[in-house]
Amino acid sequence: MSEIKSVAIAGASGSLGPHVLKALLDANFQITVLTRSKKPGAYDASVKVVEVDFTSVESLTAALKGIDGLVSTVTAAAIEKQTVLIDAAIAAGVKRFIPSEYGTCTTNPKLEALPIYAPMFKIKQYLQEKAKAGKLTWTVLACGAFLDFLFGRPMLLDFANHKATLFDEGDNRISSTSLPNIGKAIVGILKNFEATKNKIVRTSEVILTQNELLIIAEGLRPDINWEISKVQTSAILKEGLEELSAGDFSMPVIMKVLAGTAFAGDIYGGAYDETDNELLGVKELTKEDLKKLVAGKLA
């Protein structure tokens with residue numbers, strides 16, 4: 001029996017938040033959304049919405065009273081500030097905290113010192129210290145790249161313009177999970193309290209390579225000629241880090257660092273050969289499912 005009945009979400013309106021909220025609603029948890037400002041009708045009538053000051057431990061503690069689990073889906077810019085959420089969760093007696101991370105290689109120690117990854121490691125360390133002192137429990141969910149983004153944006157293949165920029169030789173493997181299934185995995189964490197306590201769990205709906213996707217695309221539409229180019233992930237990463245050092249924190253620069261690591265295959269552990277899919281209730285994509293996804297993009 002789950003020890004978690006009531007769940008609060010911080011960051012329910014972002015890319016991932018609504019999917020997590022839906023999964024929690026479908027699983028019949030009592031839900032509280034923490035928000036900076038209430039918008040009438042923004043959430044289901046069964047959801048309690050509480051206005052909070054995310055910089056105030058007192059404000060958050062009051063909102064978290066009686067809450068068993070806290071799920072954070074805050075944006076990258078707010079990751080380091082999650083210490084305030086954690087302190088409030090402890091003060092309110094919250095049992096489980098799931099930090100906003102949801103990445104591909106965000107748990108790889110090789111990346112601990114990198115600007116974009118460092119805040120996530122700080123939060124993990126903070127949680128480990130608090131858990132060691134018996135103040136709360138935590139779970140980090142590693143889910144690979146968002147499948148919806150890989151197919152919805154020209155990341156692995158540019159389906160709209162029939163172009164492919166291959167990372168290295170195009171055989172780098174990357175785990176990927178859809179946003180709805182990440183929501184399901186979070187429900188799985190909360191329902192399996194002991195089995196997911198104070199650890200990193202991994203979910204992967206599918207392991208992709210660019211060449212595999214190209215083969216599927218060419219098989220479905222032999223009439224399309226793909227324009228192929230190549231780029232070295234090590235070169236993209238180096239360029240991105242140099243630009244960050246020069247003070248450029250723009251999204252294209254951040255994307256270079258992410259692409260240079262997440263799409264570098266096994267160098268940073270981008271593909272999960274061992275997962276917790278079964279425990280978390282996530283079903284893997286079949287070859288046919290993948291073919292249908294590609295066919296949908298070529299239609």
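Not measured: the values here are computed from a predicted model.
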> Can you check salt bridge (charged side-chain N to carboxylate O under 4.0 Å, His left out) on Glu101 and Lys124, steps first, answer last?
Replying inline: CA-CA 10 Å; Glu101 188 162 320; Lys124 280 194 281 283; 2.8 Å; yes
> Parallel, tilted or perpendicular for Trp226 and His162, by the 30°/60° rule?
Replying inline: perpendicular
> Closest heavy-atom contact between Leu150 and Met155?
Replying inline: CD2-SD, 3.8 Å
>> Can a donor-acceptor pair be found, under 3.5 Å and without considering hydrogens, that links the side chain of Asp68 to the backbone of Lys95?
In response: no
> Does some side-chain heavy atom of Leu290 sit less than 4.5 Å from a side-chain heavy atom of Leu208?
Replying inline: yes
>> Using only atom types and a distance under 3.5 Å, with no angle test, would you say the side chain of Thr275 pairs donor to acceptor with the backbone of Arg202?
In response: no
>> I'd like to know if Lys230 and Glu169 make a salt bridge, using a cut-off of under 4.0 Å between side-chain N and carboxylate O.
In response: yes
> Ile79 versus Ile123: any side-chain heavy-atom pair under 4.5 Å?
Replying inline: yes
>> Between Thr104 and Ala145 (side chain of the first, backbone of the second, donor and acceptor by atom type, cut-off under 3.5 Å), is there such a pair?
In response: yes
> Short question: side chain of Tyr126, backbone of Gln82 - any donor-acceptor pair under 3.5 Å?
Replying inline: no
>> Any heavy-atom pair between the side chains of Thr106 and Leu111 that's under 4.5 Å?
In response: no
>> Restricting to non-hydrogen atoms, name the atom on Val201 and the atom on Asp276 that form the minimum distance, rounded to 0.1 Å.
In response: CA-OD2, 3.4 Å
> Do Leu213 and Leu156 touch side chain to side chain, with heavy atoms closer than 4.5 Å?
Replying inline: yes
>> Any non-hydrogen side-chain atom of Phe121 less than 4.5 Å from a side-chain atom of Leu114?
In response: no
>> Between Ser72 and Ser100, is there a side-chain donor-acceptor contact under 3.5 Å, judged purely by atom types and distance?
In response: no
> Quick one: do Glu3 and Arg96 make a salt bridge, cutoff under 4.0 Å?
Replying inline: no
> Could you walk me through whether Thr139 and Ile186 pass the side chain to side chain contact (heavy atoms under 4.5 Å, CB included) check?
Replying inline: CA-CA 9 Å; Thr139 310; Ile186 287 169; over 6 Å; no
>> Quick one about Asn172 and Gln210 (side-chain donor to acceptor, distance below 3.5 Å, no hydrogens or angles considered), yes or no?
In response: no
>> Is there a side chain to side chain contact (heavy atoms under 4.5 Å, CB included) between Leu190 and Thr196? Walk through the geometry before answering.
In response: CA-CA 8 Å; Leu190 297 170; Thr196 59; over 6 Å; no
> Has the side chain of Ser59 got a donor or acceptor atom that lies under 3.5 Å from a matching backbone atom of Phe54?
Replying inline: no
>> Take a 6.0 Å sphere around NZ of Lys65 and say whether it holds more than 12 heavy atoms from other residues, nucleotides or ligands.
In response: yes
> Within the distance-only criterion (no hydrogens, no angle test), does the side chain of Asp158 pair as donor or acceptor with the backbone N or O of Asn161 below 3.5 angstrom?
Replying inline: yes
>> Side-chain heavy atoms nearer than 4.5 Å, only ILVMFWY residues, links allowed to pass through others: does that put Ile182 and Ile189 together?
In response: yes
>> Is any side-chain heavy atom of Glu284 closer than 4.5 Å to one of Val206?
In response: no
>> Please give me the minimum heavy-atom distance between Tyr272 and Gly103, naming the atom from each residue.
In response: OH-O, 3.0 Å
> Do Lys191 and Phe193 meet the cation-pi criteria used here (NZ or CZ under 6.0 Å from the six-membered ring centre, within 45° of the axis)?
Replying inline: no
>> With a 3.5 Å distance limit and no angle check, can you tell me whether Asp289 reaches the backbone of Thr286 through a side-chain donor-acceptor pair?
In response: yes
> Are Val57 and Ile67 joined in one hydrophobic group, where the rule is that I, L, V, M, F, W and Y side chains link up if heavy atoms are under 4.5 Å apart?
Replying inline: yes
> Can Leu258 be reached from Met120 by stepping across I, L, V, M, F, W or Y side chains whose heavy atoms are under 4.5 Å apart?
Replying inline: no
> Does Lys122 have any salt bridge (charged side-chain N to carboxylate O under 4.0 Å, His left out) partners at least two apart in sequence or in another chain, and if so, which?
Replying inline: Glu80
> Can you tell if the side chain of Tyr43 reaches within under 4.5 Å of the side chain of Ser13, non-hydrogen atoms only?
Replying inline: yes
>> For Glu51 and Ser37, which I'm curious about, is there any donor-acceptor pair between the side chains at under 3.5 Å?
In response: no
> Looking only at heavy atoms, which two atoms of Leu214 and Leu166 are closest? And how far apart?
Replying inline: CD1-CD2, 4.1 Å
>> Between Lys110 and Gly269 (side chain of the first, backbone of the second, donor and acceptor by atom type, cut-off under 3.5 Å), is there such a pair?
In response: no
>> Taking side chain to side chain contact (heavy atoms under 4.5 Å, CB included) as the criterion, tell me which of Thr73, Leu179, Val187 meets it with Val20.
In response: Thr73
> Are Lys287 and Glu212 within salt-bridge range, i.e. N to O under 4.0 Å?
Replying inline: yes
>> I need the minimum non-hydrogen distance between Trp138 and Leu127, along with the two atoms involved.
In response: CD1-O, 3.7 Å
>> Measuring only between side-chain heavy atoms, which start at C-beta, is Ile9 closer than 4.5 Å to Leu21?
In response: yes
>> Under the criterion side chain to side chain contact (heavy atoms under 4.5 Å, CB included), I'd like the reasoning laid out for Leu70 against Val7: C-alpha separation, chi angles, the key distance, then a yes or no.
In response: CA-CA 6 Å; Leu70 173 55; Val7 182; over 6 Å; no
>> For Ala262 versus Ile174, what's the shortest heavy-atom pair and its separation?
In response: O-CD1, 3.4 Å
> Is a side-chain donor-acceptor pair under 3.5 Å present for Asn198 with Thr137?
Replying inline: no
> Is Thr203 reaching over with its side chain to a backbone N or O of Cys143, donor-acceptor style, under 3.5 angstrom?
Replying inline: no
> Is there a donor-acceptor contact under 3.5 Å from the side chain of Asn108 to the main chain of Tyr268?
Replying inline: yes
> Taking only residues two or more places apart in sequence or in another chain, which ones pass salt bridge (charged side-chain N to carboxylate O under 4.0 Å, His left out) with Asp266?
Replying inline: Arg173
> Just checking, any donor-acceptor pair under 3.5 angstrom between side chains of Asn211 and Thr209?
Replying inline: no
> Which pairs pass ring-ring contact (aromatic ring centres under 6.0 Å, His included) with one or both residues in residues 86-110, sequence neighbours excluded?
Replying inline: none
>> Would you say Leu141 ends up clustered with Leu85 if hydrophobic residues are merged whenever their side chains have heavy atoms under 4.5 Å apart, either directly or through other cluster members?
In response: no
> Taking 4.0 angstrom as the limit, do Glu242 and Lys238 come out as a salt bridge?
Replying inline: yes
> In terms of side-chain geometry, is the basic nitrogen of Glu239 or Lys256 positioned less than 4.0 Å from the acidic oxygen of its partner?
Replying inline: yes
>> Pair Leu220, Val294 - check side chain to side chain contact (heavy atoms under 4.5 Å, CB included), show working.
In response: CA-CA 9 Å; Leu220 288 164; Val294 177; 4.0 Å; yes
